[in-house]
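Chain letters run A, B, ... following the sequence lines, proteins first and then strands; every chain starts at 1.
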Amino acid sequence: MSTDTRRLLLIDGHSLAYRAFYALPVENFSTTTGQSTNAVYGFVSMLINVLASEEPTHIAVAFDLGRETFRLEEYPEYKAGRAKTPPEFHGQVELIQDLLRALAVPVVTQEGFEADDVLATLAVQGTAAGMETGIVTGDKDSFQLASPSVTILYPKRGVSELARMTPEAIEDKYGVSPENYRGLAALVGEKADNLPGVPGVGDKTAAKWLTKYGDLPAVLAAADDIGGKAGENLRAHLSEVERNHRLNRLVTDLELATSAAEAVRGEADREAVEALLDQLEFQVLGRRLEPLLGAAAAPAADAEIPVPRLVDAAGLVEFVSGLDAEAPVGVATDARFELGLGTVDAIGIAQGDAAVTADLTTLDPAAVDALSELLGSHPGLVLHSAKPQLKALAQAGYPLPHLALDTEIAAYLLVPDQRTYELADLCTRHCGFSPAVAEDEPEAGTLDLGPADAASALTGIGRSAWAVLPLAAVLRERIEAAGMTGVLTDIEIPLVTILARMELTGIAVDRSGLTALGAEFGAQAQASADAAYAAIGHEVNLGSPKQLQTVLFEELEMPRTKRTKTGWTTDADALTDLFVKTGHPFLEHLLGYRDTTKLKQTVVGLERMVADDDRIHTTYLQTVAATGRLSSIDPNLQNIPVRTDAGRRIREMFVPAAGDGFADLVTADYSQIEMRIMAHLSGDAGLIDAFRAGEDLHSFVGARVFDVSTDAVTPAMRSKVKAMSYGLVYGLSAYGLSKQLRIGVEEARGLMDEYFERFGAVQEYLAGAVESARRVGYTETMYGRRRYLPQLSSDRRQVREMAERAALNAPIQGTAADIMKIAMLRVDAALAEAGLASRVLLQVHDEIVLELADGEFDAVAELLATTMGAAAELEVPLEVNIGRGATWQQAAH
DNA sequence: TTTTTAGCCA
DNA sequence: ACGTGGCTAAAAAC
């Protein structure tokens with residue numbers, strides 16, 4: 001192509017925005033105000049790429065305008081049956097148009113026509129003017145426009161790659177010329193446009209006919225000569241094919257406001273572009289837009305992704321010894337876990353622009369030493385999702401490193417309610433590159449090493465090790481800007497190592513006791529089931545809500561309960577109500593069955609997770625709970641039953657490793673920590689007095705609410721007050737309270753009014769918390785941990801009120817989580833400092849469980865009480881309860 | 001394979 | 001419509 005050729009680039013805006021929307025995970029692209037930006041991001045990213053690769057002299061972007069098109073007029077079902085546009089897509093096209101306007105890129109539309117018609121017209125004008133034309137569109141109808149001077153750039157795989165559909169490429173792929181593509185499409189049909197074609201005819205058959213007869217009119221004329229089922233179908237669908245052919249013709253003679261020759265980019269409005277990028281919270285993308293802003297050549301923002309070197313043992317030693325002891329070091333591995341047992345075969349290490357990958361299974365002692373030295377002593381190690389990798393390395397005999405940063409945790413703190421924090425996505429979003437390059441190259445952590453692609457898998461790990469470094473730099477800046485450096489570096493990052501140790505240690509269980517208990521619960525469940533069957537005279541799957549509904553509401557004609565999406569609820573509350581109303585024994589047995597099967601399932605689930613060392617190694621997730629709490633999986637040890645006697649028998653199965661010098665378990669839990677935080681944050685004098693006086697909180701509050709003396713508070717009054725106090729922390733309504741206490745709404749409202757009368761500062765605090773969250777967009781814990789709640793400004797009431805309740809709860813639940821995390825760090829440090837062998841095994845939100853080394857109880861109890869009690873400075877004391885026993889249950893107090 | 005229902009914890 | 005934050009299992013829907 002000579003340099004003086006004029007090159008015209010035409011873009012189908014709507015089609016590309018839609019492609020981008022589905023190519024990029026919407027949950028990873030939204031602003032703090034809740035505006036989704038994935039389609040905008042993908043579109044702009046594509047625009048930058050295509051401008052760089054095509055270097056057009058002329059450009060235009062077309063959008064569909066208006067619902068009424070001539071196609072819809074002729075065929076009312078045109079594009080009918082399409083799935084509704086997802087709500088997250090709304091507004092993104094407008095944002096793209098705003099951005100294009102600010103960039104002075106011509107936008108061309110025509111009322112009553114689709115973007116494709118506009119592009120077709122411009123392409124024809126361009127060809128007439130001797131221009132080379134490229135059309136970027138995800139609509140195959142435009143293939144009919146391909147010619148020696150017109151190429152269709154069709155997105156494959158997301159929006160990052162464009163297939164160049166020249167006439168030859170179309171001929172190759174479909175077996176027809178661009179002129180005949182319309183005929184092919186008419187025969188085959190287009191599902192997305194609701195244009196059915198000839199049944200049983202696909203690209204191959206259509207191409208065969210078109211080649212044989214020349215073009216579509218000739219095929220239709222020869223329809224009677226075509227044999228077989230396909231020919232029969234063709235004859236039966238002639239009118240549809242003709243209709244498709246009329247509708248898929250693109251209009252090339254529109255009178256447009258801008259002609260191809262006039263489609264030239266003007267001078268960008270830099271301020272407007274920057275304001276928009278700010279609003280979209282795009283940072284890296286903004287730098288990549290620099291060249292479009294007409295400024296002096298900006299430095300290339302695209303990081304050069306180095307190709308990691310595959311090194312052997314000697315190469316690893318050389319690389320490690322050459323590392324700067326001050327500068328950050330990126331590390332990635334292929335660690336994976338099964339029942340608490342980790343495996344790691346490969347490691348990537350990077351610093352600056354250099355990255356290597358090594359096969360850990362082939363290292364010699366010198367290399368192992370060098371690696372141990374690096375992991376054990378380097379102060380700047382950065383990993384993405386460090387904990388599983390640290391655990392696997394530790395099990396492989398390497399020291400538990402000092403972690404400088406975990407990029408997954410940093411990303412979580414910035415947006416704690418995101419679903420995933422994958423390295424590749426974060427790099428794309430924050431750094432403008434993606435470390436996962438080749439499609440056949442597995443990502444770190446997911447590889448299955450076959451001999452053929454072992455090398456590419458290994459370089460993927462090295463690339464990940466390198467990628468965390470630029471990501472870390474960006475995330476650190478953003479964490480600092482949000483005031484969360486303290487939460488990150490003083491709480492979350494040091495906690496990783498502690499959790500890793502807790503998980504590696506696990507908690508011992510009585511394996512045969514579990515088996516026996518499971519069998520016992522199983523037998524009880526079977527007995528309840530048999531009794532239930534006897535009560536109705538036949539068997540039914542008691543675990544199937546659908547079958548239960550048939551029995552309860554049709555067979556037994558009981559009154560209908562609350563609606564669910566698919567019928568009527570059969571939950572325990574509803575069944576209890578029904579039992580009160582009907583007294584039918586089936587209900588009683590069903591409830592008994594539910595209880596015991598649940599217990600049995602819990603026991604069986606635990607049994608499955610016992611590792612070879614007779615211990616259960618749960619995994620704590622540090623980036624899941626939006627409030628800052630931990631969560632626990634595989635198995636979840638934060639929801640082991642405790643409320644019933646039968647349930648507590650499961651806690652009897654958790655024991656110390658007596659043979660290893662651990663005689664007992666110890667539990668330490670914060671008493672009423674959330675109410676204490678409420679007292680502190682609200683500054684309510686009444687609540688603060690109650691805690692300072694060390695009185696029973698609920699009796700104290702009950703005395704005020706019911707206007708009696710503290711010792712005149714009955715158990716019934718106390719339990720009402722307790723439910724209310726906790727409910728308030730979560731935004732409970734009078735209706736909810738009435739349901740929970742099985743009292744009237746008016747009585748519930750009376751209780752709440754009385755409560756707020758006596759504890760006015762609590763009400764003020766709660767109202768103020770929502771108000772300030774609405775204003776700044778996020779809630780904050782005492783330690784600065786944020787949760788963004790853009791839905792506080794939603795105009796949908798249900799959505800908004802849900803956000804309001806979250807805003808009430810997040811600072812309190814989150815502060816409690818912060819305090820417990822700080823306590824864990826200090827307890828761990830204090831145990832080590834005191835030279836004690838007792839160790840922390842579990843965390844259950846406000847409780848920790850320790851394995852007590854022989855003879856250490858007094859020291860440990862003292863240490864726990866002091867350290868946990870002093871973990872935070874509140875207006876009220878932090879009370880810690882400590883218990884000791886031969887099982888988790890017995891250690892409870 | 002994903003969604004729905006139910007139930008356990010703080 | 002009506003209390004927050006989690007995880008798991010089984011059935012049902014896809």
What is the nucleic acid contact for [X], judged by heavy atoms within less than 4.0 Å: base, sugar-phosphate only, or nothing?
X	result
A/K546	sugar-phosphate
A/T569	sugar-phosphate
A/R787	sugar-phosphate
A/A810	nothing
A/V642	sugar-phosphate
A/R797	base
A/L621	sugar-phosphate

Phosphate oxygens OP1/OP2 of [N]: is one of them under 4.0 Å from a side-chain N or O of [X]?
X	N	value
A/T566	B/dT5	yes
A/R629	B/dA10	no
A/R643	B/dA10	yes

Review point. With distance as the sole criterion, do the side chain of A/N636 and the base of C/dC7 form a donor-acceptor contact below 3.5 Å?
Key: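 When only heavy-atom distances are counted, A/N636 does not reach the base of C/dC7 through any donor-acceptor pair under 3.5 Å.
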
Compute the centroid of each ring, for A/Y726 and then for A/Y730, and state whether the two points are separated by less than 6.0 Å.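 Judged by ring-centre distance (under 6.0 Å), A/Y726 and A/Y730 do not meet the cut-off.
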
Q: For side-chain contact (heavy atoms from CB on, under 4.5 Å), just list the numbers for A/R563 and A/T569, CA-CA rounded to whole Å, side-chain angles, deciding distance to a tenth of an Å, and then say yes or no.
A: CA-CA 6 Å; A/R563 279 227 65 128; A/T569 184; over 6 Å; no

